[in-house]
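Encoded as structure tokens, the structure appears first; notes follow it.
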Amino acid sequence: MIFDDYARFQMDLRTTFRTKLLLLTIVPLAVAQVVTLFVVMQTVKQDVEAKGHETLEIGTTVINEFLAARTDQLRTSVSVLAADYGFKEAVATGDAATIRSVLENHGARVRADIAALVDLDGVLIASTLDTSVRSRVDVIQLIADASQRNVESTALVGDSAYHLFAVPLRAPVTIGYVVLGFSIDQALADRVAGLTGLDVSIIHSSDGFNTVIATQSGNPEGIDLSRGHDIVYHALGAEDDLLTIQTPFIRGDSAVAIVLQQSMREAMRPYVEQGRALLAFGLVLLIFVALAGGGFSTTIERPVHALGQAARRMISGDYNRCVLVKSDDEFGELASSFNAMQTAIAEREQRISHNALHDPLTDLPNRSKVLKELTRLIEEARTSGDEIAILSMRIARMSEISSTLGHNAADDLISTTARQLQANLGDIEILGHTGTNEFVFVLPGLDVDGALAYVDRVASLLGAGVTLGRINIILQAEIGVACFPRHGASANDLLRFASIACTEAEASKERTRIYQQGREDEFLRRLRTVNDLPSALRRGDVETWFQPKVSLPDAEVCGAEALVRWRHRELGFLNPDDFIPAAEQSGMIVELTRHVIGDAVRRCREWQDAGYALNVSVNLSARDLLDEYLPYHVMQMLKDAGIPAERLTLEVTESSIMEDLKRSIALLELLRDIGVAISMDDFGTGHSSLSQLRNIPLHELKIDKSFISTICSDEHNDTIVRTTIELAHGMALDVVAEGVEDEATLRHIAGYGCQQAQGYFLSKPLPPQEFLDWLANYEPRPVSDRRGKQRAFAS
Ligand code: C2E
Ligand code: CA
Ligand code: CA
């Protein structure tokens, strides 16, 4: 879709660009040429016209001079004849033959076409005219008219025109008139034309009707001779324009006129040819510009096209090919900038996709990347039949480390560890960082046994320690194992199963757990139960049981530990291990703890009322140590139950304190200030030494049951317990032994000076009523120490 649009856009761009370029170059050029040509031709035309006018004027002058000279000459001829003595005599004698011969001779000599003698009444006496013509009335009339009109006139006889001169014949009185006539004909016209170099026509006009007497190529039709000496345009449609001037043959007589004409077409011809040449040149120029423009636009288009293609390649994610524009101009510069941009974008995209698939702290593949890779490996394994082991690993005591060293150091630790693990990674093995403290190994070709061997290698690597600044931190890890195809077929499931196995390893404090089919259900079930906890608390399904504690060596009951139990409506009886971890994870533990403390102090009050002044101990979780309202609630509950604070002991573990050492200590100090006693539970399982506990406001140390239960069989544990008790006393702490399952153990610890004991040997945890019964039936049997100071259980 984007492609289509882009291609269309490019096409548009190309066509519009080329069109625009051509329009921009050709149109102005063409307009300029046309305008120039038009203006030039117009100017030329005006010029030619003006020249034409001038030529015609000059022609007119020439003609007029010519006609005047001719008239003078002819008039002189007529005068000479009229003055001829012989002629006068002949006329006087009336000798017709002599008159006729004189007329013929003289007429021939002056080249007259007509020579005639007319009497005073206008009657023709003699003439050189043919008998045929002589009889014609019009001719006779004409000659008579001429004689009457004195000197000079023109006349039309048939198709011929004549220039007539009449002179009176005096002897000495006028006895008649001599008339000479000269033909106005083509020859005259040709002569005049020869003088002026113009088209000449001679026209006779009578009653608005023109007769052409003689003409060259001119077009004298329709000329209005009444206009006299004038220049007029004689339009002849599209063909030609004629400049026309006329001059009367005889001044003051408009009957016959000479018309001079100049063809504008003829006059313009050389210019028109030049104009055509100019036009042809303009056309060639236009074609050249169009071709050059086309060529230029192609030289622009080619790099633009190359850039466009490169952009399209980039859109489709191909950053490998560079734009090839080999020129030093702006396009070359653009292309190299484009290539630089492409490289930058490619790098950035690579970085972004790398970041999207890698954890920023360790730069290891993140969960999505591991999933992707595992999915691919599973596909391969399906065809090859290979197995794949997936390890989910969490570094133990990470929260402790982070609160001791600070978060930055913890981050450093994680990234250093990641580097060390990666350095030991095989080619096809993958290490991912999928959570703050969660690593995943994907090990193609390994089955469960192979995975366990691998776990050993990882454990020894971590056990060698990771160097952080100047300290070497020895690490332990809990690792969950899941295998393809044994435990699951999808990458997602396998990662989850490995993680569940890891959680179980953590919960059981083992190094490795192999995922067991069905554990997932249990895991989910546990999670689900936590959701039921609030309503279970309200409905009283959650009970507090009590396990007695006795003081040593007198074996008197001194207190009890409150241990929670849940009678789940669907799942049945649940031990704390079934729901405490989930309650801790969900935060529900805070409410549960308050509930148990409330229960415990109320029971404590009950026992007091029944005559037993006992202490009561309640377990706290790490999350409780962040509950800043806890001291307030504790105070309230003690007050409500009417029990002094000293009767209440709160048990905490090292690991829960270490999650946030500062805040935990602050909270414990508040509790201590209220008067509540603090006990260090499960002592010995953590990693702190006694001296490290100095800052914690403690009253009591509870040695973990794992040491106590084996004290008689394991000499090492025995030593630990003995020295621990001694050191604790040195720090003024009471020591409680938990997990006392037999009499020998009880004696043993009593011999070491341990002040209190708790365990199945005395009683299992009991529901409140049973606990009261147990109290009623209990008979203390004091324990004598090893050295025989006391007699134990004397029957
Ligand atoms: P814990 O605080 O170490 O509690 C002692 C556990 O040891 C109890 O298990 C108890 O039944 C068991 N025990 C007592 N005497 C002996 C003995 O002689 N031999 C052996 N093998 N075991 C003995 P329980 O009740 O299942 O509690 C397990 C853990 O659950 C407790 O360990 C404690 O950490 C946690 N827990 C129990 N109730 C609560 C509670 O109300 N709040 C919190 N936060 N944790 C609780
Ligand atoms: Ca406890
Ligand atoms: Ca314990």
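Position 1 is the first residue of the sequence, and the numbers go up from there. The model shown is predicted, which means the values in this text are computed figures rather than measured ones. We count ligands from 1, going down the list as the structure has it; atoms in each ligand are counted the same way.
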Do [X] and [Y] sit within salt-bridge range, that is, some charged N less than 4.0 Å from a carboxylate O?
X    : Y    : answer
R747 : E743 : yes
E606 : R603 : yes
D532 : R569 : no
D609 : R605 : yes

Sphere of radius 3.0 Å around the Ca ion (ligand 3) - protein N, O or S atoms inside:
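For the Ca ion (ligand 3), the protein N, O and S atoms that sit under 3.0 Å away are D681 OD1, D682 OD1, E738 OE1, E738 OE2.
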For [X] and [Y], take the angle between the two ring planes, folded into 0 to 90°, and tell me which bin it lands in: parallel under 30, tilted 30 to 60, perpendicular over 60.
X    : Y    : value
Y778 : W774 : parallel
F573 : W545 : tilted
W607 : F771 : tilted

Taking the six-membered ring for Trp and the full ring for Phe, Tyr or His, determine whether the centres of Y515 and H487 are under 6.0 Å apart.
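Yes, they do, as the ring centres are separated by less than 6.0 Å.
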Closest approach of I749 and A737, non-hydrogen atoms and distance?
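Closest pair (atom of I749, atom of A737, distance): CD1-CB, 3.3 Å.
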Can you name the closest pair of heavy atoms from D624 and I589 and give their distance?
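Smallest interatomic distance, heavy atoms only, reads OD1-O, 3.8 Å.
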Could you list, one pair per line, each nitrogen or oxygen of ligand 1 together with any protein nitrogen or oxygen closer than 3.5 Å, giving atom names and the distance rounded to 0.1 Å?
residue, atom, partner, partner atom, Å
ligand 1, 2 (O), E561, OE2, 3.1
ligand 1, 2 (O), N619, OD1, 3.0
ligand 1, 2 (O), D681, OD2, 3.1
ligand 1, 3 (O), D682, OD1, 3.4
ligand 1, 7 (O), K705, NZ, 3.2
ligand 1, 15 (N), Q547, NE2, 2.8
ligand 1, 18 (O), Y760, N, 2.8
ligand 1, 19 (N), E741, OE2, 2.5
ligand 1, 21 (N), E741, OE2, 3.0
ligand 1, 22 (N), Y760, OH, 3.4
ligand 1, 25 (O), R565, NH1, 3.0
ligand 1, 25 (O), R565, NH2, 3.0
ligand 1, 38 (N), V564, N, 3.1
ligand 1, 44 (N), N619, O, 3.4
ligand 1, 44 (N), S621, OG, 3.3

Looking only at N, O or S atoms, which one in E561 sits nearest to the Ca ion (ligand 2)?
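Distance check against the Ca ion (ligand 2) picks out OE2 in E561.
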